[in-house]
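In what follows, a single structure is set out as structure tokens and then discussed.
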There are 2 protein chains.
Amino acid sequence: MLDLYHAEPAANSLKVLIAIKEKGVAFTSHFVNLHKFEQHEPAFLEVNPNGQVPALVHDGKVITESTVINEYLDEAFSGPPLRPADAYGRARMRIWTKFVDEYFCPALSFIAWHHMIRNITDKLTPEEFEQKVARIPLKEQQDKWRTSAKQGYTKEQLDNWGRQVRTSIARMESQLAVTPWLAGDAFSLADVACFAMAAGVPRMSPNLVNEKDTPRFMDWHARMSARPGVQAALAMPNPVRDTLEASRSQMSSALR
Amino acid sequence: MLDLYHAEPAANSLKVLIAIKEKGVAFTSHFVNLHKFEQHEPAFLEVNPNGQVPALVHDGKVITESTVINEYLDEAFSGPPLRPADAYGRARMRIWTKFVDEYFCPALSFIAWHHMIRNITDKLTPEEFEQKVARIPLKEQQDKWRTSAKQGYTKEQLDNWGRQVRTSIARMESQLAVTPWLAGDAFSLADVACFAMAAGVPRMSPNLVNEKDTPRFMDWHARMSARPGVQAALAMPNPVRDTLEASRSQMSSALR
């Protein structure tokens, strides 16, 4: 029995969807609509009291945090290995997955929230909004909703996150000059983590990543996009695609 | 050949020192004096271009990031296992080590910096300070030095980090009501990561952790402190102890 609670195939949900599809493990998909705040509904809080997707339930055992879930999937199930066979390779992989969690993902996420959140919150009265936010379990998440929905972030903050995204892309480009995949000679969860964040960047910000400035990134992006597991993950139901598309053009200006 | 570059036995350096001592692996210790900015000297930047300790060098291969180093030590060397034997146990362990890296450690670290940094920077002229900061490789670290040395952090920021420390202790107390160690029935890198941060809290903040309010934390802290590996790590040379002690009493008020 394997149940995955996830949102649309983007960011941390995409990260786990790619791993589970690459691994070829059968699972039951539970779509949690973040645009309807379903991650804070009592039904989902029974799965993850922190109110965050993705969450994996394996034979009644709950595993949270996309990076932890992905190593678990590789350890608990047979199928193609998603991690290097040697300890040093796994260390290199973990430096990447940690970098994504602590640097690349937050930078992109804050920029995305800044441009996207009003598409969600403009449909609510101030009372409805406050009601939704009040039941968010983590104070940090409450703060993020309130700040980004009300005053938005400052130009200085957005510029700083834009710089962090550029630094992340530059770091990938440098590594891909040395090895074909981010953690070495083989595809691994390092590539999964980075691609889950960077999947939309070529379309959103052709000024930032392109054949001239980041040829190795583009080649890696094409190789990732051609993988059946990646394609299957990206093809998962995406009922909020229109809202995301509307935000994408606004985001692209932040990533110049 | 195993070389460990580390600072005094506190925080992330302590985290790796405990793991390597618990594992019983022989290594060459290289003390990097952060109070003299040695982590930004060219000699150390050749080891870790990011200018951060700890860093491990095993047969010429460099591994950075204390959390990654600790899993590497457990995978690459024989000796007592530092991780649960099953995939689910390891997932639970990683949720803790990730929580420490992203929540508990930053909160404590910002409070510590706020109270400690002037002990270091007051000895420098503004020109010397700017010279030291200008060669820090990571912009985020430059910002941290400049902000904490110049204006310090706001009361709101310090209160928020204090709340995060209390939340972290509460989370540990809750888990220890269910299992004897943080990731389950056995001592693991989850305990190492949390203890590396929490080691000084009972002495620094008896109002926050004590027999009455956090009995399970205190019991766990005593069991950790009694371990030979932990004692060996804490007994590593600590030439900056006096400066740390001077800051400790100032920090304690922030953790009430």
Side-chain angles (χ1 to χ4, degrees), chain A residues 48-50 52 55-78 83-103 105-107 137-140 143 156 159-161 163-164 166-167 171 174 183-184 190, chain B residues 48-50 52 55-78 83-103 105-107 137-140 143 156 159-161 163-164 166-167 171 174 183-184 190:
Chain A
N48 182 6
N50 282 342
Q52 293 185 305
L56 187 75
V57 186
H58 184 204
D59 294 338
K61 299 187 293 285
V62 178
I63 299 130
T64 57
E65 300 289 352
S66 56
T67 301
V68 177
I69 292 172
N70 277 4
E71 288 223 42
Y72 178 81
L73 286 169
D74 199 43
E75 292 185 354
F77 296 92
S78 55
R83 303 181 305 170
D86 63 305
Y88 179 60
R90 285 191 293 279
R92 290 169 70 184
M93 180 199 85
R94 289 185 185 125
I95 288 174
W96 276 105
T97 57
K98 190 171 162 62
F99 174 78
V100 168
D101 288 351
E102 298 178 5
Y103 192 90
C105 173
L138 299 180
K139 185 184 177 300
E140 288 71 25
D143 291 349
E156 192 189 349
D159 286 350
N160 193 44
W161 292 318
R163 180 189 59 76
Q164 291 192 352
R166 290 191 300 276
T167 301
R171 184 167 162 168
S174 300
Chain B
N48 182 6
N50 282 344
Q52 293 183 306
L56 186 76
V57 185
H58 184 203
D59 294 338
K61 299 186 293 285
V62 178
I63 299 130
T64 58
E65 301 289 352
S66 56
T67 301
V68 176
I69 291 171
N70 277 4
E71 287 222 42
Y72 178 81
L73 286 169
D74 199 42
E75 293 186 353
F77 295 93
S78 54
R83 302 181 304 170
D86 64 305
Y88 180 60
R90 285 191 293 279
R92 290 170 69 184
M93 180 199 85
R94 289 186 185 124
I95 287 173
W96 276 105
T97 57
K98 190 170 161 64
F99 174 78
V100 169
D101 288 351
E102 297 178 5
Y103 193 91
C105 173
L138 299 180
K139 184 184 178 301
E140 289 70 26
D143 292 349
E156 191 189 348
D159 286 349
N160 192 46
W161 293 320
R163 180 188 59 76
Q164 293 191 352
R166 290 191 300 276
T167 301
R171 183 167 163 167
S174 300

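Fair warning: this is a prediction, and the values are worked out from it, not measured in the lab. Naming: A, B, ... by sequence-line order, numbering from 1 per chain.
- Proximity to chain B (any heavy atom under 4.5 Å) is restricted, for A:Asn160, to the side chain, taken from C-beta onward.
- Contact check on B:Glu75 versus A:Arg94 returns a salt bridge, with a Lys/Arg side-chain nitrogen under 4.0 Å from an Asp/Glu carboxylate oxygen.
- Contact tally against chain A (heavy-atom pairs below 4.5 Å) for B:His58, B:Glu102, B:Lys98: the top residue is B:Lys98.
- Applying the salt bridge (Lys or Arg N to Asp or Glu O under 4.0 Å) test to residues at least two apart or on different chains, none of the pairs has a partner in residues 58-68 of chain A.
- Electrostatic pairing of B:Glu140 and A:Arg163 counts as a salt bridge here, judged by a charged N lying under 4.0 Å from a carboxylate O.
- Using a 4.5 Å cut-off between heavy atoms, A:Arg92 makes no contact with chain B at all.
- Interface check for chain A: of the options B:Ile63, B:Thr167, B:Ile95, the most heavy-atom pairs under 4.5 Å are formed by B:Ile95.
- In this structure, the side-chain hydrogen bond (donor to acceptor under 3.5 Å, both in side chains) partners of A:Thr67, at least two apart in sequence or on a different chain, are A:Lys15, A:Asp101.
- In plain terms, the two heavy atoms of B:Tyr72 and A:Ala87 that are nearest each other are CD1-O, 3.6 Å.
- The part of A:Arg90 that comes within reach of chain B is its side chain, from C-beta onward, which places non-hydrogen atoms under 4.5 angstrom from that chain.
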